[in-house]
Amino acid sequence: MSDTSPAAPRVASVAVSAPPHRHCQGDIAAVFAGAFLSADAVVRRQFTGIAAHTGIAHRNLSLPLAEYPRPRTFTEYNEAWTGTARRVGLDALEQALAAGVRPGEVGALVTTTTTGVSVPSLSPSSCVR
């Protein structure tokens with residue numbers, strides 16, 4: 001009897017890519033508190049205090065920090081984030097493929113985000129060129 005089972009899965013390549021606008025957590029918290037929280041100074045202070053204790057030093061954002069206070073609809077924020085997510089995803093995929101893996105050999109693509117939101121959710125097909 002011959003063994004015709006496919007080869008065992010393997011990780012052939014790993015790549016990391018991030019949105020282009022890197023900022024200090026404290027700066028982000030201050031801008032977001034001023035732009036999105038009530039005029040209540042206690043609420044803003046609580047928010048910035050929580051942000052300061054997350055253990056996160058920096059974050060990478062889709063937009064420059066100064067752009068966030070400008071009023072936008074959910075759709076506009078969603079489009080900014082999904083556009084960035086697609087570019088970042090494509091960058092990571094191109095880096096991974098540069099390791100010598102052919103696109104037809106890719107059986108899975110694993111992604112993660114910690115703060116982005118997308119409706120509908122991103123799929124690997126959104127990175128296909």
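Side chains are part of it too, since the values below use all heavy atoms of this structure and drop only hydrogens, waters and symmetry mates. Residue indices begin at 1 and follow the sequence shown.
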State the CZ-OG1 distance between Phe32 and Thr48, to the nearest 0.5 angstrom.
14.0 Å

Considering non-hydrogen atoms only, spot the tightest contact between Gln95 and Ala15 and give its length.
CB-CB, 3.5 Å

Distance check, rounded to the nearest 0.5 Å: Ile28 atom CD1 versus Leu61 atom CG?
4.5 Å

Do the side chains of Leu93 and Ser17 get nearer than 4.5 Å, heavy atoms only?
no

Would you give the length of the straight line joining atom CG of Leu63 to atom NE2 of His21, rounded to the nearest 0.5 angstrom?
6.5 Å

What are the two closest non-hydrogen atoms of Pro19 and Val88, and how far apart are they?
N-CG2, 3.7 Å

Does CZ belonging to Arg70 count more than 12 external heavy atoms closer than 6.0 Å?
yes

Quick check: closest heavy atoms across Arg72 and Glu67, and the distance to 0.1 Å?
NH1-O, 2.6 Å

Is the backbone N or O of Asp91 less than 3.5 Å from a side-chain atom of Glu94, with the two atoms forming a donor-acceptor pair by type?
no

Taking all non-hydrogen atoms of both residues into account, name the closest pair between Ala29 and Phe47 and its distance.
O-CE2, 3.5 Å

Would you call the rings of Tyr68 and Tyr77 parallel, tilted or perpendicular, where under 30° means parallel and over 60° means perpendicular?
parallel

Which heavy-atom pair separates His23 from Leu65 by the least distance, and what is that distance?
NE2-N, 3.3 Å

Quick one: OG on Ser62 to CD on Glu79, what's the gap to the nearest 0.5 Å?
12.5 Å

Can you tell me how far the CD atom of Gln46 sits from the CD1 atom of Ile50, to the nearest 0.5 Å?
6.5 Å

Note: Val101 and Ser13 closest approach over all heavy atoms is CG2-CB, 4.4 Å

